[in-house]
Every structure is written in structure tokens, then in C-alpha cells.
Amino acid sequence: SLKAVAIPEGLPLAGSISLSFASEKMIEDGVIINNIDKVANLSRMNYLLINKSTVCDGNPKVKEAFVYGENYSESSSKDKINKLIDDMKYNTTNVLIKFNEQSFIPKGDSTDNAILDFIIRNTDINYVDKSFNEFNQYPKDSNDSVIKFRLPFNSAYNYMLSIVENDPKDKKSYPYTAYIKGYSDSIIKMCSSYDDGSNSHKPISENITKIISEFANKNYTVFILAKKEVENPNIDQNFFKDFCISSILGIGDDITEDVENSVEKCERCGIDLKMLTNDNIITSLKTCGKIKLMEEDEIKRAMLAVSSKEKVKLGEGFNFKALLISSCNQVFSGINGKDLDKMIGGFTKIEVTSNSPSSEEDKEKDKNEPNLLNDMIQNSNNNNLTQSLDENSLTISIDNKHFKYVLTNKQKFEEYLPYLKLLADCHSEEKQVLISGIKELDEQNNIIGITYGNIYDSDEISTYMADITFSSTNLSETVL
């Protein structure tokens, strides 16, 4: 007890033990303290970074689908949904549980569950039964004799990829097929065609981008499933081209009823809420409007960037020249993640040669230099993830490579930060830049909390970088 150590020499030990017990107790409530020194100051948390899954009820459903060349309805051919089973069974970590002879239940990530539930509800149950054993054979082990390569989903790139050896009986043109699925903004850039259901690949037309836009305007998360046959399972920089879209899915997840009140509570308590999500900008803005995270005029200004006649291709960011002309230099509260550097004056990724970096040891890297694919693949599993803090910012260590992000213009970042409410199509790097930037404002003694949702809207590195991680899937529970 405290009485037993109530002497000057014992008080520091008593304090450390109390903080440790407090941290352990909070884990039971779904709160993980990454920096134990912050426990005593938890009530002073002033930044909370949330994702879209945190404000939804956690029960997503496929609301609309474009499957093999047609908008799917109950009268559509079951053969096309059967093809969708084949697309999914190699490229998911979920499994199917056989409830009875006529019922199957998907188990695993909620987004993949929604896709699998859509398939089960709309296809011939006998075909599901036929594929059942095959389905559960492949998902979990990339060393399987059929799956030659697997890149698990990671918010660094916003997709999942599996390369499968084709059955010679299928007589396909190439010995391997690469299956990829993920957020529309990431996948559409890799695709040059879509499958109309007759194995005929048609060039991507305005109709495809229109479907994506329509789904996004209905506040759906837009997922794309695509594939292509390849000569070998080796990956190079030219691999991510000429994929063929098989399906576009609009996945809806209802907003939790009391989220708006939770947002208001955070504002009253001086907690700056910011949404960091992998969803595209249209869907994300509509979500922010529903939960009152952004004002109507803020949403209109951001929407102007998307709807401007001078905008770039959907999903590739804002045309800032058009924005500044049409919006009289107003600040935008909702932006795409890749445009963060333009709004904050830039940042630099610095490689650190030791765990205790000095200015002589820092080696600058151009932030625009494309990541080497091998590094990306190696970093897809963060089993060796460690962290260490220098005086002002967090040093991330992966596979014995140490790096950190440093703001180019600290003043501009500090001026823009209060206005920022939303980062859409946000990859792990942008999340890490934001957290590192807040930590650079060390004179403010900021305490950062982050919510961890499903695998499609969270990333492990960012949760390590924040001071406090809330594992609750509901913002209302987090606020409580």
C-alpha cells in the first residue's frame, strides 16, 4: 500500500506501481496506454483521432453491387455471383461456418463478412456448399501450395492481394491469377478494363466511374474486386497495372444513433476530433455531415473540389488551383490524405541510422520518392514493430530501419491543424505525419488518443504512435 512506502525513497516506486495497475485496469475497458506517463494526464487528452467504423454500428451490408457487367438484382443470373465466390475464396482471411445444410455464416473481418453474406444470400446454396471445403482451405496460409503469394490488407496501400496457381484443367492463358480487392480510390488506378460476365474485357468507361460516384453519394463504402492472369508470381513495379474489375460493391453501415451527442461532448470538453479514414472523399464528407463533425458550409467547400469541372480523375485528389480560384483562398476542413502535405507546407521523411539519432546521422529522403515494392511487402507484417522516442518526435522502427517525419513548415501546420476535420483516402503515412506533427508542437504538451476499428480502417503503426488507443468500436463507448 501507499502507507508502506510513504517515505521519500519509496514514493517514485509507489507512483510507478499505481500507474501500472491503472493501465492494466484500463485494458479491461478497451483502453490501451502506449505511454504510461500519460495515464495521470488522461483527463487532459486534447486530440482524438477516429475512423469511420467508430461512428457506425459495426454491421455493414452490401447495399448495391455491380457484378460482372451489370447492376445486380434478385433477377440477375446466379452464375455471376458464383464467380464472385471464386474471386473471394482465395483473397480473404475470413472463413465460412456451416450452420446447417442450408445455412452458412461468415466469420472474420466485418467488411469481408458483408461481402460473403451478400454472396450467400444471392446465390445457389448448393454452389456455396460445393465451394465450402475449398473456401476454408485457402484463407489463412500463404504457404499453401495453391497460393503462391499473399499481401495482407494494410492501410499503407489499402488493398489485399493474393496470387494463385491456376488449375491446368481450367486452360487459362497464364499459369497464375492475381486477385486484388480494396477501396475504390486505390484499386481503380490499377485497372484498365472490366469483365462483362462473358470473359470479355471492356475498357473502363465513364459508366464505371459513374457507378463509383453514385455509390459514394449514397454514403456507401465503395469496394472493388479485380483480377488478372500473370505469367509468374513475382512482383515488380509494373505489376500493378491492367487489372480487370469483376465487381464494384457499395457497402453501407448505419451511423450509431448517439454519435452526434458524443461529438458534441468532445467539443465541450476541448477534445479536437479528427476523422482519418480510408474511404473516398465523397462518402467521408457525407459521414462527417451526418455526425455533425463538419459544418454545412465546410462540407460544401470540400464538395466543390470534387465536383469542379477542372477536377482531376475521381479518387486522385483535389485540383488546388481550381479550389483557390473558386473558393477565394478559404481553408478546407476535409481533404484527401495525399493532399495533406500541400495544406501543411510539406514534410520530410528522415531515415535515422541509430536509435538515438543526431543531426549528423540523419539522412533525408525525398517524400515524393516512390516506396520500393520489396520494402512495402516486407513491412506488410508488422511483427517486428518497435517504437522509441527522441526528444521531440516518434522514431518508428521496422525491420531494423529507423525513420521519422519532420514538418517542413511548423508554423503553417500549427495554423492549419485547428481547421482540419477529415482526412479521406488516408494511408498510414498521412496518419503518421499528422501524429508526428502534433507531437512536434511539444510546448502544448498534447495528449493524443486514437480509435482502432476494423482492419480496413486502422493501421498498427499509428496506434503505437498515439499516447492512448481505444479499442472500442463505438465512439459513444469511447467518450464514456
Given the options L434, I468, I438, I448 meets side-chain contact (heavy atoms from CB on, under 4.5 Å) only with I438
With sequence neighbours excluded, residues passing side chain to side chain donor-acceptor pair (under 3.5 Å) with E260 = none
Donor-acceptor contact present, side-chain S110 to main-chain G58, <3.5 Å = no
Are any of the side-chain nitrogens in K227 or D87 under 4.0 Å away from the carboxylate oxygens of its partner?
-> yes
Note, S193 side chain near P203 side chain (heavy atom, < 4.5 Å) | no
Hey, is the main chain of Y176 close enough, under 3.5 Å, to the side chain of E229 for a donor-acceptor pair?
-> no
For C288 against M275, the heavy-atom pair lying closest together | SG-SD, 4.1 Å
Side chains of D195 and S246: donor-acceptor distance under 3.5 Å anywhere?
-> no
Can you name the residues that form a side chain to side chain donor-acceptor pair (under 3.5 Å) with S162, not counting sequence neighbours?
-> N91, R150
Are the aromatic rings of F240 and Y159 close, with centres under 6.0 Å apart?
-> yes
If only atom types and distance count, is the side chain of K228 paired as donor or acceptor with the main-chain N or O of K241 below 3.5 Å?
-> yes
Examine the side chains of N51 and S53 and answer whether a donor and an acceptor come within less than 3.5 Å of each other.
-> yes
What one should report as the nearest heavy-atom pair of K148 and P233 is CB-CB, 3.9 Å
With a 4.0 Å cut-off, would you call D272 and K421 a salt bridge?
-> no
Residue pair D339, F332: steps toward the side chain to side chain contact (heavy atoms under 4.5 Å, CB included) verdict | CA-CA 11 Å; D339 296 317; F332 294 92; over 6 Å; no
Does D117 reach the main-chain N or O of N113 with its side chain, forming a donor-acceptor pair under 3.5 Å?
-> no
Measure the shortest side-chain to side-chain distance between L161 and F149 over non-hydrogen atoms and say whether it is less than 4.5 angstrom.
-> yes
Side chains of D425 and N158: does their closest heavy-atom pair fall under 4.5 Å?
-> yes
Anything under 3.5 Å between a donor and an acceptor, one on a side chain of residues 219-226, the other on a protein residue two or more places apart or in another chain? List them.
from	atom 1	to	atom 2	distance (Å)
N219	OD1	T287	OG1	2.9
T221	OG1	K52	NZ	3.1
T221	OG1	D279	OD1	3.2
T221	OG1	D279	OD2	2.8

Return yes if some donor-acceptor pair links the side-chain N/O of K431 with the main-chain N/O of L276 below 3.5 Å, else return no.
-> no
Keeping the roles fixed (side chain from K274, backbone from L420), state whether a donor-acceptor pair exists under 3.5 Å.
-> yes
Which heavy atom of K412 sits nearest a heavy atom of K342, and at what distance?
-> NZ-O, 3.8 Å
List the steps and the verdict of salt bridge (charged side-chain N to carboxylate O under 4.0 Å, His left out) for K218 and E214.
-> CA-CA 6 Å; K218 294 178 180 178; E214 286 178 351; 5.8 Å; no
Side chain proximity check, M294 to S333, heavy atoms < 4.5 angstrom = yes
Would you check if I335 and L422 make a side-chain contact, meaning some heavy-atom pair closer than 4.5 Å?
-> no
With no hydrogens and no angle check, is any side-chain donor or acceptor of D236 less than 3.5 Å from a backbone partner on F239?
-> yes
For the pair K410 and E414, evaluate salt bridge (charged side-chain N to carboxylate O under 4.0 Å, His left out) and give the outcome as yes or no after the intermediate values.
-> CA-CA 6 Å; K410 185 175 178 180; E414 189 171 3; over 6 Å; no
Please answer whether the main-chain N or O of V67 pairs with a side-chain N or O of S247 as donor and acceptor at a distance below 3.5 Å.
-> no
Go through V230 and T177 one step at a time and tell me if the side chain to side chain contact (heavy atoms under 4.5 Å, CB included) criterion holds.
-> CA-CA 6 Å; V230 293; T177 299; over 6 Å; no
Just wondering, do C426 and K338 contact through their side chains at under 4.5 Å, heavy atoms?
-> no
Taking every heavy atom of A114 against every heavy atom of I251, the minimum-distance pair comes out as CB-CG2, 4.3 Å
Please check if any side-chain donor atom of N46 sits under 3.5 Å from a side-chain acceptor atom of N446, or the reverse.
-> yes
Are any non-hydrogen side-chain atoms of K107 and L116 less than 4.5 angstrom apart?
-> no
Inter-residue atom distance F243.CZ - M190.CE, 0.5 Å rounding = 7.0 Å
Can you check side chain to side chain contact (heavy atoms under 4.5 Å, CB included) on L151 and M160, steps first, answer last?
-> CA-CA 6 Å; L151 194 61; M160 179 177 180; over 6 Å; no
Are the side chain of E440 and the backbone of L407 linked by a donor-acceptor contact shorter than 3.5 Å?
-> yes
Side-chain contact test, heavy atoms from C-beta onward, threshold under 4.5 Å: evaluate it for F118 versus L84 and give yes or no.
-> yes
For T283 and N280, does a side-chain donor sit closer than 3.5 Å to a side-chain acceptor?
-> yes
Report yes or no: does E298 contribute a side-chain atom to a donor-acceptor pair with the main-chain N or O of E295 at less than 3.5 Å?
-> yes
T92 versus D112, side-chain donor and acceptor atoms under 3.5 Å = yes
Start with the C-alpha distance between H427 and S186, add both sets of side-chain angles, then the distance that settles side chain to side chain contact (heavy atoms under 4.5 Å, CB included), and finish with yes or no.
-> CA-CA 10 Å; H427 295 66; S186 297; 3.8 Å; yes
